[in-house]
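Below: the structure, in structure tokens.
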Number of protein chains: 2
Amino acid sequence: MKPAHHHVTGSASDPFVVTEACRPVNQILSRIGDKWSVLVVSYLGNGTMRFSELRRAIDGISQKMLTTTLRGLERDGYVTRTVTPTIPPRVDYALTDLGCELLVPLRALGEWAVANRERVEAAQRRFDAENATLAAAQRA
Amino acid sequence: MKPAHHHVTGSASDPFVVTEACRPVNQILSRIGDKWSVLVVSYLGNGTMRFSELRRAIDGISQKMLTTTLRGLERDGYVTRTVTPTIPPRVDYALTDLGCELLVPLRALGEWAVANRERVEAAQRRFDAENATLAAAQRA
DNA sequence: CGGGATCCCGACGGATACTG
DNA sequence: CAGTATCCGTCGGGATCCCG
């Protein structure tokens with residue numbers, strides 16, 4: 001656990017945290033960071049929903065991606081899938097305890113995103129504008 | 001922000017929380033949720049680093065993806081890029097204030113991931129095993 | 001040293017059609 | 001209703017070569 005040679009300018013944290021922690025973080029993010037998982041988990045945070053309820057709620061998701069996303073979330077233990085074999089069939093999705101717990105840090109990130117979206121967008125505009133003027137200067 | 005209220009079925013959930021919040025969340029996640037951004041931001045959380053330092057530290061990243069990732073993070077205002085035109089040239093990357101603030105909810109998610117990785121892996125094993133026996137039963 | 005330019009492949013993800 | 005199956009375009013991302 002020897003820290004590598006790192007220049008520590010600001011608040012220093014142990015590099016151990018980074019190296020050791022980022023494997024599972026990437027695992028979580030590769031599931032949650034895809035196009036739809038956060039939306040699905042967020043909606044299910046309000047309670048159990050049926051397949052078509054989710055489909056209508058999310059608006060833009062294809063049934064294929066909804067199925068794929070739900071399967072992935074089910075595999076990782078975030079949601080449960082309950083089939084009621086009536087006619088027509090009925091399938092309910094709900095968060096597990098694990099899913100509810102995930103919702104906590106996820107909502108923190110979400111609130112940060114909402115709070116800071118304008119700063120990000122401003123940075124993007126600044127970057128793009130600067131890039132445009134640089135490109136123009138190149139052609140001159 | 002309303003607390004998460006559970007409703008039974010059918011009724012529309014509060015559109016504000018999900019609909020309004022998830023656009024910026026997806027924007028943040030589409031940047032942060034890619035394969036390398038979290039690693040880069042985490043490493044820069046320990047202080048300024050040079051390009052080749054990051055390249056060597058991250059182990060597995062190609063120079064193309066490191067460049068792409070850093071450009072994206074710079075565009076969104078999370079990192080600064082400082083060029084020192086010496087020979088050989090020197091380029092330093094560091095987190096902005098925005099980047100440091102992002103690190104907070106990000107680390108929360110990271111700690112959650114570390115704390116719960118075994119539960120996720122266990123769920124995956126359970127799911128895969130159950131799937132395998134089902135597939136076997138199908139063939140019988 | 002720190003990239004930019006190019007080629008290429010596989011995975012992600014959308015549209016459509018069909019099934020239990 | 002809740003999927004599965006198929007086709008197909010897009011693009012993330014790796015490998016390689018080159019440049020200032």
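Lettering follows sequence order; numbering is per chain, from 1.
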Can you name the residues that form a side chain to side chain contact (heavy atoms under 4.5 Å, CB included) with [X], not counting sequence neighbours?
{"X": "A:A123", "value": "A:R126"}
{"X": "B:L103", "value": "B:V41, B:L95, B:R107"}
{"X": "B:Q63", "value": "B:F51, B:R55"}
{"X": "B:E130", "value": "none"}

- Heavy-atom closest pair (A:E53 atom, A:R50 atom, distance to 0.1 Å) is OE1-N, 2.7 Å
- Span of DNA chain C, from the first to the last nucleotide whose atoms fall under 4.0 Å of chain A heavy atoms: C:dG13 to C:dG20
- Message: Can you see if the side chain of A:R50 gets near the phosphate of D:dA2 - specifically, an N or O under 4.0 Å from OP1 or OP2?
- Response: yes
- Message: Suppose the criterion is salt bridge (charged side-chain N to carboxylate O under 4.0 Å, His left out): which pairs have a residue in residues 59-71 of chain A, not counting sequence neighbours?
- Response: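 Sorted result for residues 59-71 of chain A: empty, none.
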- Query: Who passes side chain to side chain donor-acceptor pair (under 3.5 Å) against B:Q124, sequence neighbours left out?
  - Reply: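 With sequence neighbours excluded, B:Q124 shows a side chain to side chain donor-acceptor pair (under 3.5 Å) to A:D76, given in chain and number order.
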- Contacts of B:S37 that satisfy side chain to side chain donor-acceptor pair (under 3.5 Å) - sequence neighbours left out: B:R31, B:D34
- Item | Angle between terminal axes - the helix from C:dC1-D:dG20 to C:dG20-D:dC1, 5 pairs each end, rounded to 10° | 50°
- Set of salt bridge (Lys or Arg N to Asp or Glu O under 4.0 Å) partners for A:E121, sequence neighbours left out: A:R117
- Can you list every side-chain hydrogen bond (donor to acceptor under 3.5 Å, both in side chains) pair that touches residues 94-104 of chain B, not counting sequence neighbours?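 Only A:R119-B:E101 qualify under side-chain hydrogen bond (donor to acceptor under 3.5 Å, both in side chains).
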- Query: Could you write nucleotides 4-13 of chain D as a row of B, S and -, 5' to 3', where a protein heavy atom under 4.0 Å of any base atom gives B, of only sugar-phosphate atoms gives S, and otherwise -?
  - Reply: B--B-----B
- Message: How many whole angstroms separate atom CD1 of A:I87 from atom P of D:dG3?
- Response: 16 Å
